[in-house]
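Since the structure comes first, as structure tokens, the remarks are kept for the end.
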Amino acid sequence: MNRFVVRSVMRGLINGRSYCSSSISIGNGQVYRSAIVGRSLELSGQRNGVAFGGFEWRRMMSSSPASVEKVTSEKEDKTENSVKEETKGKEVMAASYWGISRPKITREDGTDWPWNCFMPWETYKADLSIDLNKHHKPKNFTDKFAYRTVKLLRVPTDIFFQRRYGCRAMMLETVAAVPGMVGGMLLHLKSLRKFQQSGGWIKALLEEAENERMHLMTMVELVKPKWYERLLVLTVQGVFFNAFFVLYMLSPKLAHRIVGYLEEEAIHSYTEYLKDIDSGAIENVPAPAIAIDYWRLPKDATLKDVITVIRADEAHHRDVNHFASDIHFQGKELREAPAPLGYH
């Protein structure tokens, strides 16, 4: 058998072949294995536990012609180059690591969409035809309690902010964005517990919370909060969130009624804000870019345009929450009445 191996190697050398590391199994449990050591070749065989035959050669055993080695080296070079390119584009790799990449989004005029917090299909034109003077007259104890609670909460706000309506609006929006999130979250959990649909109210309330948050993002562009105002926001949000959470668990109809009256106060505050803009007490500065894109305002929109559309949003929220409270007062659940989706 040693003669067979020697003959195969000699034939390969005569034919100009080179051999790489491989294993050859030849009947009777006899195995011939080639192992590369440096640039030489060691052939060893074993039969019945006895090692036999061994010699070295300058060429490596291979079943492929020498040109394959060049192809292999070229592939290695390409791999190294691709690794370098990947290293250069670390940001792209990080973004697409999970196979998720954001498609290119543009405005109607073809320019790139600059916002990650909302998309073009989430923008809208505010309905300015809504009745701003509508008011829900308190009819029973719950209504009166809600109305007087909101009026009481207005007192410290008036004392602290006075006629600084920019700061007042910023503080108001940090509070106004809480009820929709709490209500939507609790309805979501209820839907899971009872295996029931929500009638669209989960989405409606979360849309309200998102809309109020966008009001805040806009006001922050106009009014830079001071450190003590930030501290006040933390305190108020912590207290209000937990208080409203407990209230909604105990009485959703009272919770929605309070929010309805809060929105009525918001309409009043923004109306006073507009009066100060018209009188010149507050400068009518250009509208922030985020407001122009979110409400689809003209490029030359001003602060007055922004406050006008925000006030219209608050009027819609007023109607939604009074409507939700009325549903509960009728002894029904929200899911029994269609939610005002896309109400903005």
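What you see is a predicted model, and the numbers here were worked out from it, not measured in a lab. This chain uses plain numbering: 1 for the first residue, then up along the sequence. Excluded from the calculations below are hydrogen atoms, water molecules and symmetry mates; all remaining heavy atoms, backbone and side chain alike, are included.
- For the 3.5 Å distance criterion, the side chains of Glu265 and His268 fail to qualify, holding no donor opposite an acceptor.
- Put simply, the side chain of Thr235 gets close to the backbone of Leu231: a donor and an acceptor are under 3.5 Å apart.
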Just list the side-chain donor-acceptor pairs under 3.5 Å for residues 183-200, sequence neighbours left out, or say none.
residue : atom : partner : partner atom : Å
Ser191  : OG   : Gln196  : O            : 2.4
Gln196  : OE1  : Arg335  : NE           : 3.2
Ser198  : OG   : Gly200  : N            : 3.3

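- Both Ile277 and Val285 are part of a single hydrophobic cluster, where members link through side-chain heavy atoms under 4.5 Å apart.
- Checked by atom type, the side-chain pair Asn211/His316 shows no donor-acceptor distance below 3.5 Å.
- Between Phe244 and Tyr248, the ring-plane angle classifies as tilted under the 30° and 60° cut-offs.
- At a cut-off of 3.5 Å, with distance as the only test, a side-chain donor of Glu264 or His322 sits close to an acceptor on the other residue.
- Between the Arg318 side chain and the Lys134 main chain, a donor and an acceptor come within less than 3.5 Å of each other.
- Counting only residues at least two apart or on different chains, the side chain to side chain donor-acceptor pair (under 3.5 Å) pairs with a member in residues 216-234 are Arg164-Glu229.
- Side-chain contact of Asp313 with Tyr124: a donor-acceptor pair under 3.5 Å is present, judged by distance alone.
- Using a distance-only test at 3.5 Å, with no hydrogens or angles considered, a donor-acceptor pair links the side chain of Trp113 to the main chain of Phe118.
- No donor-acceptor distance shorter than 3.5 angstrom exists from the side chain of Lys304 to the backbone of Asp278, with no hydrogens or angles considered.
- The distance from atom CG of Leu274 to atom CD1 of Ile310, rounded to the nearest 0.5 Å, is 9.5 Å.
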